[in-house]
Amino acid sequence: EAMVAVEDRRFRSHPGVDPLGVARAVTVRIEKGRWVQGGSTITQQLARNIFLTNDRSFARKVREGILALALEWRFSKDQILELYLNRVYFGGGAYGIDAAARRYFGKTANDLTLAEAALLAGLPKAPSELAPTTNFEGATARQHLVLDSMVAAGFITAEQRDEARGQRVR
C-alpha cells in the first residue's frame with residue numbers, strides 16, 4: 001500500500017497506462033518548462049525494468065506503454081505489484097523489497113513496521129540520493145510524504161501516520 005500510494009495511486013483501476021497521470025505530467029511539463037513529474041504507472045516501470053533501457057525517448061515511452069498493457073492483460077494486479085516489488089532498486093545494492101528490508105533493517109519484508117515500509121517505499125524515486133545510510137534526513141522527509149500519501153489514498157488513518165512518524169527508525 002505504501003508503494004501504491006506514492007508511486008501509482010490509481011494502480012488498481014487503470015489498464016497499465018494511466019491517462020490522468022500522463023495528462024498531469026504533460027500539464028506540469030508545460031507549466032514548468034521541463035519534466036518535473038513522471039506519468040509512468042507501476043506496470044510501466046516494471047515493463048521498463050524487465051524489457052527496456054532507461055533512455056529518455058518518446059519511442060521508449062510508447063514501447064513501455066504497449067508492454068504495460070500486455071503485462072496487465074497477462075497478469076493480475078497483485079502479480080504485477082509482486083513482480084515490481086521484487087525487481088525495483090532500493091539503493092545500497094538492494095534489488096527487491098526483501099533485500100532492501102534486510103539491507104537497511106536486518107529483517108524480512110514481512111516483519112517491517114509501517115514506518116520502515118514507508119521509508120523503503122520512498123526510495124525508488126531516487127535510491128542513491130535518498131539512501132537512509134547516507135541521507136537520513138532526505139529519506140525521512142520522503143517517508144513523511146509516503147505516509148501522507150497513504151492517508152490521502154485511504155490506506156491508513158491520520159493517527160496511524162502520526163504514530164509511524166513518531167517511531168524511531170534505525
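Every value quoted in this text rests on a predicted model; they were computed, and no experiment measured them.
Ion pairing between a basic and an acidic side chain is recognised when a charged N comes within 4.0 Å of a carboxylate O; K125 and E7 show no such pairing.
Within the structure, salt bridge (Lys or Arg N to Asp or Glu O under 4.0 Å) contacts touching residues 78-94 (residues at least two apart or in different chains) are R12-D78. Screening residues 96-106 for side chain to side chain donor-acceptor pair (under 3.5 Å) gives D98-R102 as the qualifying pairs, with residues at least two apart or on separate chains. Listed by first and then second residue, the salt bridge (Lys or Arg N to Asp or Glu O under 4.0 Å) pairs involving residues 149-158 amount to none (not counting sequence neighbours).
Atom-to-atom distance recorded for L46:CG and D8:CG is 11.5 Å, nearest 0.5 angstrom.
At least one donor-acceptor pair under 3.5 Å links the side chain of K77 to the backbone N or O of F11. For the pair Q143 (side chain) and A115 (backbone), a donor-acceptor distance under 3.5 Å is present.
Listed by chain and number, the residues in a salt bridge (Lys or Arg N to Asp or Glu O under 4.0 Å) with E1 amount to none (sequence neighbours excluded). Residues satisfying the salt bridge (Lys or Arg N to Asp or Glu O under 4.0 Å) criterion with R9, sequence neighbours excluded, are absent altogether.
Annotation: E129, atom CD; neighbour count of heavy atoms from other residues, nucleotides and ligands within 6.0 Å does not exceed 12.
I97 has its side chain within reach of F90: a pair of non-hydrogen atoms, C-beta onward, lies under 4.5 Å apart. Under the 4.5 Å side-chain criterion, counting only non-hydrogen atoms from C-beta, Y84 is in contact with P124. In this structure, the side chains of L147 and L114 come closer than 4.5 Å at one or more pairs of heavy atoms. R74 places none of its side-chain heavy atoms less than 4.5 Å from the side chain of L71. Using a 4.5 Å cut-off on side-chain heavy atoms (C-beta onward), F105 and L120 make contact.
At a cut-off of 3.5 Å, with distance as the only test, a side-chain donor of S40 or K61 sits close to an acceptor on the other residue. Counted by atom type alone, D55 and T53 present one or more donor-acceptor pairs between their side chains at under 3.5 Å.
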**Full working for side chain to side chain contact (heavy atoms under 4.5 Å, CB included) between E64 and Q45** = CA-CA 8 Å; E64 182 181 292; Q45 292 175 51; over 6 Å; no

Contacts table for residues 162-170: side-chain donor-acceptor under 3.5 angstrom, sequence neighbours left out:
from : atom 1 : to   : atom 2 : distance (Å)
R165 : NH2    : H144 : O      : 3.3
R165 : NH2    : D148 : OD1    : 2.6
R165 : NH2    : D148 : OD2    : 2.9

